[in-house]
Protein chains: 2
Amino acid sequence: MAAARGLYAKGVVKRAEILETALQVVAEEGYSGATVKQIADAVGLSQTGMLHYFGSKDALFREILRRRDEINYASFGDPDHPPAEPINHFVDLIRHNAMVPGLVQLYSRLSNESAEPAHPSHDYFQERYELSRQIGRTVLERLQADDRIPPDLDPAQLAVLLAALSDGLQTQWMYDQSLDMAAHIEYFLRLIGLQPEASPPPAESKGRSGDGRRRSRAPRR
Amino acid sequence: MAAARGLYAKGVVKRAEILETALQVVAEEGYSGATVKQIADAVGLSQTGMLHYFGSKDALFREILRRRDEINYASFGDPDHPPAEPINHFVDLIRHNAMVPGLVQLYSRLSNESAEPAHPSHDYFQERYELSRQIGRTVLERLQADDRIPPDLDPAQLAVLLAALSDGLQTQWMYDQSLDMAAHIEYFLRLIGLQPEASPPPAESKGRSGDGRRRSRAPRR
DNA sequence: GTCTATATTGAGATAGAC
DNA sequence: GTCTATCTCAATATAGAC
């Protein structure tokens with residue numbers, strides 16, 4: 001009945017170990033280096049030996065991306081315990097992406113290849129998109145409650161736009177790494193009138209002066 | 001020396017014929033149906049017979065997308081002779097995309113798969129992105145000159161955002177066809193304060209009344 | 001649990017006849 | 001110019017030994 005847990009302790013550890021290595025291989029070697037064989041070699045297992053832990057190539061790569069999300073959430077904000085300034089963390093995450101071209105490529109390709117309903121990773125990505133939009137919406141509602149973006153904006157629609165921008169900027173960036181993804185997201189945030197976080201609670205009611213809300217435009221690019 | 005032109009008249013016609021058929025196959029059968037064999041069957045040629053006109057699968061698919069752009073430009077605005085209202089044509093094009101899922105998928109996949117510098121279609125997409133941004137920038141500058149978007153916006157940055165939105169919305173749409181891509185683009189355009197086209201030139205200075213520029217928010221979704 | 005070795009599949013490229 | 005038939009190649013899945 002161990003199948004109920006699905007994995008023995010040792011398997012769990014090994015699995016995790018494989019994912020860490022795979023993540024590194026992809027990040028370093030790029031998407032082309034991301035073949036089952038390459039990863040198996042890096043882990044020091046045979047192809048079959050490694051696939052045993054995941055079942056198939058698709059499942060393995062799906063898990064790589066899942067693991068990456070986990071790491072990103074940990075570094076850039078856990079959805080259950082959102083950081084103090086989630087919108088900055090989002091921008092940081094975008095900025096971080098520019099350091100790991102291989103992972104960006106892996107994500108872009110898989111998310112597009114899995115679009116067909118019959119694809120084994122279809123449901124994973126579908127849910128992931130729903131989740132991103134939901135997180136985005138929550139964060140934006142929070143900003144709205146804090147009076148940092150105008151009350152007439154629709155957080156749900158903005159969340160869709162942010163998710164689209166994130167994906168679309170990555171594609172353009174892959175063709176031109178001089179494009180500054182984070183700067184473009186920041187430009188968008190300024191467009192919607194995002195106000196900087198008010199310094200904690202200093203005596204003076206600072207940062208919310210009577211200048212309405214439209215601020216200076218983006219400087220870059 | 002016929003190689004200078006590269007093609008005989010008959011070849012040119014056949015080529016065009018193949019592309020039209022291929023376009024239909026992809027649009028109808030989806031990306032999965034877009035195998036060399038499937039297209040060759042639909043055209044009534046053998047795989048080799050057909051590939052003879054293009055050289056390779058990559059080149060064929062690249063040409064399919066190129067031909068599609070041609071058709072879209074013709075229907076939705078030629079870049080050399082921009083239509084009276086290019087921004088509406090852009091939105092129309094997005095709306096039109098929702099009618100041809102197979103082509104959207106083909107485009108999304110190829111544009112992501114070709115991101116590696118070594119890929120045969122890399123240059124094609126790289127140039128296509130540059131061109132889209134350039135067209136976008138020109139259109140936005142025009143809107144700015146006509147006082148239909150605020151003067152402090154940066155057309156170049158907005159062009160990048162529009163291209164990213166277009167791509168990113170398509171990806172999300174593939175996972176949820178109830179997402180209205182055109183409506184989201186329109187929402188973005190309202191966000192940046194786009195004013196409706198002034199009715200040609202009626203005596204009354206209408207449509208540019210003193211309401212500043214921020215208009216009502218998007219209604220949908 | 002892990003390996004080696006093999007099978008299978010699928011696509012695309014090529015050669016040479018008609 | 002076009003077809004038939006064949007080849008190569010890569011990649012993943014599977015069978016069965018240790």
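Chain letters run A, B, ... following the sequence lines, proteins first, then strands; residues in each count from 1. The analysis underlying the following values was restricted to heavy atoms, covering all of them including side chains, and did not include hydrogens, waters or symmetry mates.
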Practice task
Kindly state each residue pair satisfying ring pair (Phe, Tyr, Trp, His ring centres under 6.0 Å) with at least one member in residues 15-47 of chain A, sequence neighbours excluded.
Solution key: none

Fill in the blank from the handout: When rounded to whole Å, the CZ to P distance for the pair A:Arg15 and C:dG1 reads 13 Å

Practice task
Tell me, please, which residues at least two apart from A:His122 pass ring pair (Phe, Tyr, Trp, His ring centres under 6.0 Å).
Solution key: B:Tyr175

Practice task
Kindly indicate whether the side chain of A:Arg142, heavy atoms from C-beta on, has any atom under 4.5 Å from the side chain of A:Val139.
Solution key: no

Fill in the blank from the handout: To the nearest angstrom, the CZ-C1' distance between B:Phe61 and C:dA11 comes to 11 Å

Fill in the blank from the handout: Rounded to whole Å, CE of B:Met50 lies from P of D:dT4 at a distance of 14 Å

Handout entry: For DNA chain D, the residues among residues 16-27 of chain B that have a non-hydrogen atom under 4.0 Å from it
Key = none

Fill in the blank from the handout: Rounded to whole Å, CD of A:Gln38 lies from P of D:dA11 at a distance of 9 Å

Please table the atom pairs, donor to acceptor, closer than 3.5 Å between any side-chain atom in residues 34-41 of chain B and protein atoms at least two apart or in another chain.
from, atom 1, to, atom 2, distance (Å)
B:Thr35, OG1, B:Lys37, N, 3.4
B:Lys37, NZ, B:Asp41, OD2, 3.0

Fill in the blank from the handout: Across all chains, not counting sequence neighbours, the side-chain contact (heavy atoms from CB on, under 4.5 Å) partners of A:Glu130 are A:Gln126, A:Arg133

Fill in the blank from the handout: A:Glu29 meets the side-chain contact (heavy atoms from CB on, under 4.5 Å) criterion, sequence neighbours left out, with A:Val25

Problem - Whole angstrom value for the distance that separates P of D:dC9 from NZ of A:Lys37 - result: 16 Å

Handout entry: Rounded interatomic separation in angstrom, taking NE2 from B:His52 and P from D:dT4
Key = 16 Å

Problem - Contacts of type side-chain contact (heavy atoms from CB on, under 4.5 Å), residue A:Ala16, not counting sequence neighbours - result: none

Handout entry: Where at least one partner belongs to residues 45-63 of chain B, residue pairs that pass salt bridge (Lys or Arg N to Asp or Glu O under 4.0 Å), sequence neighbours excluded
Key = B:Arg15-B:Glu63, B:Glu63-B:Arg66

Problem - Under 4.0 Å protein heavy-atom contact, by nucleotide of nucleotides 13-18 of chain C - B base, S sugar-phosphate only - result: SBB---

Exercise for the section: Could you tell me the separation between the CG atom of B:Leu60 and the P atom of C:dG12, rounded to a whole number of Å? Expected result: 10 Å

